[in-house]
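The next block holds one structure in the form of structure tokens; read it before the comments.
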Amino acid sequence: MIEFEAEPDRVRLTAAYRRHMRGAFVPYRGTGLALAGLAVVALLPAPRMVATLLASSAVLFIFFSPALLLHRVVKQAWRRNRGSTSWTLSEEGLRAEDEGGYGLVRWSTVTRVEQLRDQLYVKLEAGRAIFLPTVALPAEKQQELLDFLRARDLLA
């Protein structure tokens, strides 16, 4: 059994959600590329205003829409997970407890665990994820945690 307390970090949480949601950004970027292509085609016969409008829409879809989506998701997650969380990894599963309550995720629902910078990205079934900040753990405790996950063949 491994127990530790962790405080969430907004910068690391943003990086983790950027990694988790990278597939959700593809339609935005694809729409932006299509609009950029239309802007190039519209330059030939149409007035410049149409091409300018299409080009600005492309920039909006490629750059600003994914950033806005990520900002809103992180803002909601930050509201839910602002305080300190006690994490327990046992044979039963991964238990999280904070002032709002507690939850248990059984190992059978964990599909993979990836090590990001100073945190663990725990992928669950149905596209869900949990992010465990490990920045405050001493090196030997981090190694014990990684060995525990390797023994369960979860660490990618």
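Source: prediction; values computed, not measured.
Looking at Val135 and Asp9, their side chains never come closer than 4.5 Å, going by heavy atoms from C-beta outward. Looking at heavy atoms from C-beta onward, Arg112 lies out of side-chain contact with Leu154 at the 4.5 angstrom threshold. With a 4.5 Å cut-off on side-chain heavy atoms, Ser90 and Arg95 do not count as touching. By the 4.5 Å heavy-atom criterion applied to side chains, Thr111 and Leu124 are not counted as neighbours. Looking at Ile130 and Leu120, their side chains never come closer than 4.5 Å, going by heavy atoms from C-beta outward. In this structure the side chain of Lys141 reaches within 4.5 angstrom of the side chain of Ile2, judged on heavy atoms. Between Phe63 and Leu68 there is no side-chain heavy-atom pair separated by less than 4.5 Å. Between Ser57 and Leu35, some side-chain heavy-atom pair lies under the 4.5 Å cut-off.
Heavy-atom minimum distance, Pro133 versus Pro8: CG-CA, 4.4 Å. The shortest non-hydrogen separation linking Gln119 to Ala16 is NE2-CB, 3.4 Å.
Note that OG of Ser65 and CG of Leu69 are 8.5 Å apart. Values are rounded to the nearest 0.5 Å.
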Check your understanding: Given the rule in the side chain to side chain contact (heavy atoms under 4.5 Å, CB included) test, do Thr88 and Leu94 qualify, once you have shown the distances and angles that lead to the verdict?
Key -> CA-CA 6 Å; Thr88 306; Leu94 173 65; over 6 Å; no
Practice item. Give the intermediate values and the outcome of side chain to side chain contact (heavy atoms under 4.5 Å, CB included) for residues Phe25 and Met21. Key: CA-CA 7 Å; Phe25 297 150; Met21 296 182 65; 4.2 Å; yes
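Remark: the backbone N or O of Val105 is not paired with any side-chain donor or acceptor of Thr109 at under 3.5 angstrom. A distance-only check finds no donor-acceptor pair linking the side chain of Asp147 to the backbone of Arg150 [under 3.5 Å]. Remark: side-chain polar atoms of Glu3 are not paired, donor with acceptor, to backbone N or O of Leu89 under 3.5 angstrom. Checked by atom type and distance alone, the side chain of Glu114 never pairs as donor or acceptor with a backbone atom of Leu155 at under 3.5 Å.
When each of Glu99, Glu97, Glu5 is paired with Ser84, the side-chain hydrogen bond (donor to acceptor under 3.5 Å, both in side chains) condition holds for Glu5 and for no other.
Using a 4.0 Å cut-off between a side-chain N of Lys or Arg and a carboxylate O of Asp or Glu, Glu91 and Arg152 qualify as a salt bridge.
A 6.0 Å sphere centred on NZ of Lys75 holds no more than 12 heavy atoms belonging to other residues, nucleotides or ligands. The local environment of OH in Tyr28 is sparse, with at most 12 non-hydrogen atoms from other residues, nucleotides or ligands closer than 6.0 Å.
Using bins of under 30°, 30° to 60° and over 60° for the plane-to-plane angle, the ring pair Tyr121/His20 lands in the perpendicular bin.
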